[in-house]
Amino acid sequence: MSASGPRILRLSETGSTNADALRLALAGEVLPLWVVAGRQTAGKGRAGRTWASTPGNLHASLAIISQAPAHQAGELALIAGIALFDAVRAISPLAETIGIRLKWPNDLLIGTAKAGGILVETTSARGEPGFLAVLGFGLNIASHPDDLGRAATSFAANGASVTAEDVRASLAGHLENGLGQWDNGRNFAAVREAWMARAGALGEAITVQTVSGPMSGTYQGLDGSGALLAEVSGHIQAITYGDVALIASTHQGSGQ
């Protein structure tokens, strides 16, 4: 990293900032590297979903080399979520009043409506100690899609005036701090506590779409590995993959 911080590649339009960051990193680009675009034409989210990418919103990816054990790579999504939450809160006085929060594993909500998402991709293909990780961020700042089949919103729709670059600049600092606190996986306990402090209350009713079907229960935090804990039929279960829907409405509209 240079004295002025990671290099930032700014594009007016691209297919996917994650794909660009991964391609450049595998080609030997000095890391860390930010790739930022005004618009994406092939933005993607978790589980291969498309991510609506329109001008005025944040589309940014950070490529890094991590020395953490490979089995802890999934923790990066939680670190990224904390950083995005804190970045918005730091620059927007309305962030507290409009009710931003995190939802496992990688969403930023305003109330129960999705305002942002995170996509972390990792590989050992660069062939050096540690693994390559790309942390991708999408945040609905100026606009939001209305065809997701679930509640979505933007900061503009809630009266919060921020810009994509303001958020990215704030995010860069919070992400650097968060990765430092994580200490290559040696201090995940602090990350876990910080994430839960920014998420819903224990006991909140949820439904989780798992590979074996929907599962209804109550949110009980995260376990020591970052898996979602849910009480289902009187038993605590650890869930490592699935889509969480909030049943109870806490802000503007139906559950997410």
Derivation and outcome, salt bridge (Lys or Arg N to Asp or Glu O under 4.0 Å), residues R192 and D223: CA-CA 8 Å; R192 173 180 173 271; D223 73 5; over 6 Å; no
Salt bridge (Lys or Arg N to Asp or Glu O under 4.0 Å), that's the test. Do E193 and R198 meet it? Break it down for me. CA-CA 9 Å; E193 292 298 322; R198 292 157 176 78; over 6 Å; no
Can you confirm whether [X] sits close enough to [Y] that some side-chain heavy atom of one is under 4.5 Å from a side-chain heavy atom of the other?
X	Y	result
S12	R39	no
F155	I98	yes
I100	F85	yes
L246	L109	yes
L26	L132	yes
L24	L22	no
V162	S170	no
N106	F137	no

Quick one: do the [X] and [Y] side chains pair a donor with an acceptor below 3.5 Å?
X	Y	value
Q40	T17	yes
Q220	T218	yes
N158	T153	yes
S143	T54	yes
N187	Q181	no

L229: hydrophobic cluster co-members (side-chain, 4.5 Å): I236
Keeping the roles fixed (side chain from [X], backbone from [Y]), state whether a donor-acceptor pair exists under 3.5 Å.
X	Y	answer
S92	R89	no
D107	K114	no
W104	A199	no
D243	Q209	no
H59	G138	no

Euclidean distance, L171 CG relative to L62 CG, rounded to 0.5 Å: 8.0 Å
Kindly indicate whether a cation-pi arrangement holds for R7 with W34, taking the cut-offs as under 6.0 Å to the six-membered ring centre and within 45° of the axis. no
Would you be so kind as to tabulate the donor-acceptor pairs closer than 3.5 Å made by side chains of residues 73-80, with sequence neighbours excluded?
residue	atom	partner	partner atom	Å
E75	OE1	Q72	NE2	3.0
E75	OE1	W182	NE1	2.6
E75	OE2	Q72	NE2	3.0

Could you walk me through whether R10 and E165 satisfy the salt bridge (Lys or Arg N to Asp or Glu O under 4.0 Å) test, starting with their C-alpha distance in whole Å, then the side-chain angles of each, then the deciding distance to 0.1 Å, before giving a yes or no? CA-CA 11 Å; R10 302 183 188 276; E165 179 51 29; 2.9 Å; yes
Could you walk me through whether S61 and L135 satisfy the side-chain contact (heavy atoms from CB on, under 4.5 Å) test, starting with their C-alpha distance in whole Å, then the side-chain angles of each, then the deciding distance to 0.1 Å, before giving a yes or no? CA-CA 5 Å; S61 300; L135 287 64; over 6 Å; no
Evaluation steps, side-chain contact (heavy atoms from CB on, under 4.5 Å), between V191 and I82: CA-CA 8 Å; V191 173; I82 295 166; 3.9 Å; yes
Take E121 and L119, measure what side-chain contact (heavy atoms from CB on, under 4.5 Å) needs, and give me the verdict at the end. CA-CA 7 Å; E121 298 179 286; L119 178 63; 4.1 Å; yes
